Amino acid sequence: MERSALATAYEAADLAFGDPVRARALAEAARAAADGDVEPVAVAEQALGLAALSVGRLADAERHLRAAIGTADGAGLAESAAKARGVLGYVLTLTGRTGEGLREMDRARPLLRGPSAARLLMQRAVVLTETGRFEDAAAGFSDALDTLRRAGGDALIEATLRNNRSILLARLGDWRGAEEDLRRAEEVFTATGHSGRTAMVYQNRGLAATVRGDVPAALAAYDEAARRYRAAGTDQGLLPVERAEVLLSVRLVAEARQAATAAVAAYARRRNAVDLVQARLLLAKVALLEGDPRAALREARRAGRSASRQGRPGWAALAGFLVLRARWDLGLRDAATLRSGTRTVAALTAAGWVVAALDARLIVARLAMELGRSAIARRELTAATRSGRTGPAEVRARAWHALALLRLQDGDRHGADSALRAGVRVLDRFRAGLGATELRAHASGHADELTALGLRLAVESGRAESVLRWAERRHACALRLPPARPPDDVALAADLARLRQVVVDLAAPNRDPLPLLRRQAELEEAVRDRARHAAGVLAPDADALPSAARLGAALGQAALVEYLDVAGRLHAVVVVDGRVRLHGLAAVADVERRLGELRFGLRRLAHELGSATTFTALVERTALRLDAQLLEPLRPWVGDRPLVVVPTGPLHELPWPILPSCLGRPVSVAPSAALWHRAATAEPTGDGRRVVVAGPDLPHAAAEVAALARRHPDARRLTGRTARVDDVITALDGAELGHIAAHGRFRADNPLFSELRLADGPLTAYDLERLARPPRRIVLSACDSGRSAVHPGDEVLGLASVLLALGTTTLVATAVPVPDRASRPLMLRFHRLLDDGLTPSRALAAAQRDLYHRGPPADRVATIGFVCYGAG
C-alpha cells in the first residue's frame with residue numbers, strides 16, 4: 001500500500017502540466033492512502049503545488065510546495081525537500097520575489113543528483129531568461145543538458161528543457177535552434193502520453209515567430225496553443241499577453257486593449273506579480289497607440305517599479321522606454337527628459353531590447369535636435385543606423401528613419417528622401433507577408449512616421465509630382481496587394497455558414513438571445529482568426545504609381561484630385577493633362593467638423609426625424625461650404641471636367657455628389673491613384689453574365705430586382721429563398737455585372753463583418769474574399785454599403801474596399817443610409833443609362849441630376865447617397 005501511494009503521488013507530479021485535474025485527484029488519493037507514511041504525503045503536496053502552478057493559482061502552489069518542504073524536512077527527506085524547493089523558487093519569481101526564488105534554488109542545488117539536478121538547473125535557467133541574464137541562462141541550460149546526459153537521460157525532462165530553452169534561442173535570434181528544440185520536445189511529449197504539454201510548445205513557436213516578424217505564423221501558433229491549453233484544462237500563462245503583443249504589432253489596438261485589461265485583472269487576482277508587469281507594459285503600449293500618453297505613463301511607471309523590486313532590470317528598462325515615449329508624446333522637451341532618455345537607451349541596449357532601443361534613440365535624437373544638442377543627436381542617430389542594418393522589418397525601417405534624420409541634420413534633403421523611401425519599401429515587404437486584408441490595413445500604421453516626414457519634405461520642396469508619389473505611399477497601399485486565401489479555407493467557409501445560422505436564429509421570436517450572442521462572438525472570432533493565418537506574397541514596388549504622363553493618358557479629359565493631410569492642413573494634388581499641381585486648402589479640423597454636421601443632417605433626413613425643411617437647409621448650407629473648401633479653389637484647373645477623387649481621413653465618408661459642383665458631374669472615388677489606374681486600364685474580365693439579387697424583408701428591393709430582370713431576361717435572378725450567400729457568391733464569380741438590393745449594415749467594430757442581409761443570413765466581406773474572380777462591375781443598393789473604416793495610412797476596410805482590392809473595377813454603393821423607397825427610381829434610371837452606353841460614373845451622375853429635385857427632401861438622400869468607386 002505504501003509503494004502504491006508513493007507511485008500514485010509521483011504519477012500525479014508527472015501529469016501536473018498535462019492533465020491538472022487528474023493530477024489533483026491522484027495526489028489527493030495518494031495523500032489519503034499514505035497511512036502515516038510521510039514520503040507519499042510530501043510528494044503528493046509537491047504534485048498539488050505543480051497542478052496549481054499549471055492553472056495559474058500561484059498562492060495555492062506556494063502553500064502546497066511549502067507544505068511539501070516542511071513535511072519532507074521534518075522526516076529528513078532532504079532530496080524530496082530539495083525538489084520542492086526548486087519548484088518553489090520558480091513560483092516565487094512569478095510572484096515577484098526573484099532573489100528569494102534563486103536563493104531557494106541555490107539551497108536545493110547541492111542536495112540533488114542526476115535528473116533531479118538537471119531539472120533544477122533548467123528551472124534556474126528559465127528564471128535567468130526571464131530576468132534578461134541571457135548568457136547565464138544559456139550556460140544554465142547547457143549544464144542541465146550535460147547533467148542529464150551523464151545521468152543516463154530522461155526523455156520527459158529533456159523535452160521540457162528543450163521547450164524552455166527555445167525561448168532563449170528565439171530571443172538570441174537562433175531560429176533554427178529554437179525550432180529544432182521545439183520539434184524534439186513535441187515528439188517526446190506526444191510519444192510519452194503528455195500531449196497536454198504540447199500547448200507550451202506551440203506557445204513558444206508563436207514567440208519565435210513573433211521575434212522573427214512572421215505575424216501569420218505567430219497567430220496560427222498562438223491560436224493552436226490556446227486550443228490545446230483549453231483541451232488540457234491548463235492555465236494559458238502569458239499566452240494572452242504574447243498574442244496581444246502580436247496584434248499590437250499590426251496595430252489591432254482595440255483587441256490588444258481588451259486582452260491587456262483582462263490580463264492585468266487576472267494576474268492581479270492571482271497575485272502573479274511577474275506576469276502582471278508584462279500585462280501593464282502591454283496596457284501602456286496600447287494607451288500610447290490610442291493617443292493617451294498620461295494613461296501610458298501611469299501604467300509604465302507602475303510596471304517599472306514592480307520590475308525593479310523583482311530584480312528584473314530588462315523589464316524595468318522596457319518600462320523606462322514607455323515612460324520616455326509617453327513624456328515625448330506629452331510634449332515634454334526638457335533637459336531632464338533628455339538625460340533620462342540617454343539612460344534608458346543604455347539600459348535597453350544592455351537588456352537586448354533592440355526595437356525599443358532604436359525607438360528610444362530616435363526620440364533622444366529628435367529631442368536633442370530641438371534642444372540644440374546636435375552632438376548627442378548625431379551620436380544616437382549614427383548608433384541607430386548601424387544597429388538596425390539587419391533583423392526584422394521594424395528594426396530595419398527604424399534604421400532607415402534614423403539615417404534620414406541624420407542626413408537632414410547635414411542638410412541632405414535628397415539623401416533623406418532616399419532613406420525614407422528605403423524604409424517604406426522594407427515595411428511594404430513586411431505588409432505583403434501578411435495575407436489577411438485586416439492585418440495588412442492595420443500594419444500600414446508602422447510607416448506613419450516615415451511617410452509623414454517624406455510628405456512634409458515633399459510639400460516643403462514645392463515639387464508637386466514628388467508630393468503625389470509620397471501621398472501614394474500613404475494611401476491604401478494594402479489594397480494593391482494580391483489577395484491571399486487562409487490555409488484552412490474550407491473550415492473558414494463552414495464557420496461562415498454557422499455564423500449566418502446564428503444570426504438568423506437571433507432574429508427568430510421567443511429565443512433567448514444571450515447564448516446566441518455568445519455563439520456569434522465565438523464564431524466571429526474563429527472566422528477572423530482563420531483569415532489571419534493566411535500568408536502573403538512579395539510586395540509590389542512601393543513606387544508603383546505610373547508616371548504623370550501615363551496617369552494623364554488614362555485620365556483623358558478627367559482630372560484627378562488627391563487630398564492629403566500635412567500636419568493638420570489639407571492639401572490637394574491635381575493631375576490634369578499629365579501636369580501635376582499642388583494646392584494648400586483648409587484646416588483638416590474645420591473640414592472634419594463640417595463633415596460631421598453634414599452626416600448628421602443626412603441621417604436625420606434619411607430616417608425622417610425632425611423638420612425636413614430644417615435639415616434640408618442644414619445639408620445644403622454645409623455642402624456649399626465644403627464645396628468652397630474642397631473644390632472651389634481648384635476650379636481654375638479642374639473646370640467642369642469629370643473627377644477622380646482620392647480622399648484622405650474623414651473625406652472617405654463624404655457623399656461627393658452632394659457638393660453643388662459635383663451634382664451631375666461624373667465623379668469616381670478611389671482609395672489611391674495607383675488603384676484607380678489599375679482599375680481604369682485593366683482588361684475586361686467579366687464573362688458577360690448579369691446577376692441580380694434581392695435580399696429579404698425589403699419590398700422595394702424585390703420590385704427593383706424584378707424590373708431589372710425584365711430589362712435583362714438573361715440575367716441570373718436570385719430572390720426570396722434562392723438568394724442564399726453561397727449561391728450568390730457562386731453566381732457573382734466572374735460575372736460582368738452584379739446588382740444586390742438588400743438591407744445593409746456597416747460594422748464599425750469590425751468592418752469586415754459589415755453585411756448585406758440575404759435569405760440565409762449576412763453576406764460579409766469575408767464571404768466576398770472567397771471569390772476567385774470578382775464581378776467586373778457591381779452595384780450594392782443597400783444602406784452604408786460603401787462606407788469604410790479608415791486606419792492610419794488611409795487604409796480603408798469595408799465591403800467596397802474588399803471588392804476593389806479583389807479586382808472589381810467599378811462599384812456603385814451608398815456612403816450614407818438611404819430610404820429604400822427612393823433608391824429604386826435612381827437605380828432603374830442608372831441601369832437604363834448604363835445600357836445606353838454611358839460609363840457607370842456618367843450614368844450615375846446623369847441619373848442623380850435628373851432625379852435630385854423630385855419628390856420629398858428625404859428622397860434627395862437616396863439620390864446623392866450613391867457614390868461611384870473605382871475606375872468609373
Side-chain angles (χ1 to χ4, degrees), residues 436-438 486 489-509 511 513 515-532 691-702 704-705 718-733 738-771 774-775 778-789 797-803 805-806 808 811 813-814 817-818 820 823:
T437 302
E438 178 191 27
D489 195 41
V490 174
L492 176 62
D495 280 339
L496 285 167
R498 296 186 191 101
L499 177 60
R500 288 195 290 275
Q501 185 58 52
V502 169
V503 173
V504 170
D505 291 344
L506 274 167
R511 294 294 299 266
L516 291 171
L517 288 171
R518 283 195 292 270
R519 180 61 175 154
Q520 181 184 11
E522 290 170 0
L523 286 168
E524 286 185 355
E525 182 178 357
V527 167
R528 183 197 63 205
D529 291 345
R530 288 188 196 280
R532 289 174 179 174
V691 180
V692 292
V693 180
D697 306 320
L698 207 59
H700 294 283
E704 182 178 310
V705 165
L718 297 164
T719 60
R721 293 182 179 179
T722 66
R724 302 175 65 83
V725 170
D726 285 343
D727 293 333
V728 170
I729 291 294
T730 300
L732 288 175
D733 209 298
H739 182 107
I740 303 177
H743 280 299
R745 184 166 73 105
F746 176 70
R747 284 275 300 271
D749 61 319
N750 190 330
L752 296 186
F753 281 112
S754 297
E755 64 185 53
L756 301 172
R757 187 62 59 88
L758 298 182
D760 60 337
L763 182 154
T764 69
Y766 289 108
D767 292 293
L768 293 173
E769 288 188 325
R770 294 161 53 210
L771 287 163
I778 190 166
V779 179
L780 303 181
S781 182
C783 286
D784 285 332
S785 53
R787 282 190 68 191
S788 295
L797 283 178
L799 294 171
S801 62
V802 164
L803 284 164
L806 289 172
T808 291
L811 168 82
T814 61
V818 295
D820 173 40
S823 61

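In this text the structure is predicted, and so the values were computed from the model without any measurement. Only this structure's heavy atoms are used, side chains among them; waters, hydrogens and symmetry mates stay out.
Taking both residues in full, the closest heavy atoms of L811 and A800 are given as CD2-CB, 3.1 Å, listed atom of the first, atom of the second, then distance. Taking both residues in full, the closest heavy atoms of S788 and F746 are given as C-CZ, 3.7 Å, listed atom of the first, atom of the second, then distance. The two residues T808 and P774 make their nearest non-hydrogen contact at OG1-CB, 3.3 Å. Considering all non-hydrogen atoms of both residues, R500 and D760 come closest at CB-O, 3.2 Å. Residue L756 comes nearest to S785 through the heavy atom pair CD2-CB, 4.4 Å, listed as atom of the first residue, atom of the second, then distance. Contact detail for D727 and L718: the closest heavy-atom pair is O-CD1, 4.0 Å.
A distance of 11.0 Å separates CD of E522 from CG of D495, quoted to the nearest 0.5 Å. Interatomic distance, CD1 of I778 versus CG of L768, reported as 7.0 Å (0.5 Å rounding). R745 CZ to L799 CG: the interatomic distance, rounded to the nearest 0.5 Å, is 11.5 Å. Atom CD1 of residue I729 and atom CG of residue L771 lie 4.5 Å apart, to the nearest 0.5 angstrom.
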Show me the donor-acceptor pairs within less than 3.5 Å that the side chains of residues 691-702 make with the rest of the protein, sequence neighbours left out.
none

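A heavy-atom distance below 4.5 Å is found between the side chains of S781 and E704. Contact annotation: the side chain of R530 never approaches that of L496 to less than 4.5 Å [non-hydrogen atoms, C-beta and beyond]. D784 has its side chain within reach of P817: a pair of non-hydrogen atoms, C-beta onward, lies under 4.5 Å apart. Counting heavy atoms from C-beta outward, T764 and L752 have side chains that stay 4.5 Å or more apart.
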Do V527 and F753 pass the side-chain contact (heavy atoms from CB on, under 4.5 Å) test, and can you show the C-alpha distance, the side-chain angles, and the key distance before you say yes or no?
CA-CA 10 Å; V527 167; F753 281 112; 4.0 Å; yes
Decide side-chain contact (heavy atoms from CB on, under 4.5 Å) for N750 and E524; before the verdict, give the C-alpha distance in whole Å, the side-chain angles of both, and the deciding distance to 0.1 Å.
CA-CA 10 Å; N750 190 330; E524 286 185 355; over 6 Å; no
Take V818 and C783 through the test side-chain contact (heavy atoms from CB on, under 4.5 Å) and record every step on the way to the result.
CA-CA 6 Å; V818 295; C783 286; 4.2 Å; yes
Start with the C-alpha gap between D505 and R519, add the side-chain angles, then the distance that decides, and say whether side-chain contact (heavy atoms from CB on, under 4.5 Å) holds.
CA-CA 11 Å; D505 291 344; R519 180 61 175 154; over 6 Å; no
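For the side chain to side chain contact (heavy atoms under 4.5 Å, CB included) criterion with L758, the lone passing option out of D767, L763, T722 is L763.
A 6.0 Å sphere centred on CZ of R747 holds more than 12 heavy atoms belonging to other residues, nucleotides or ligands.
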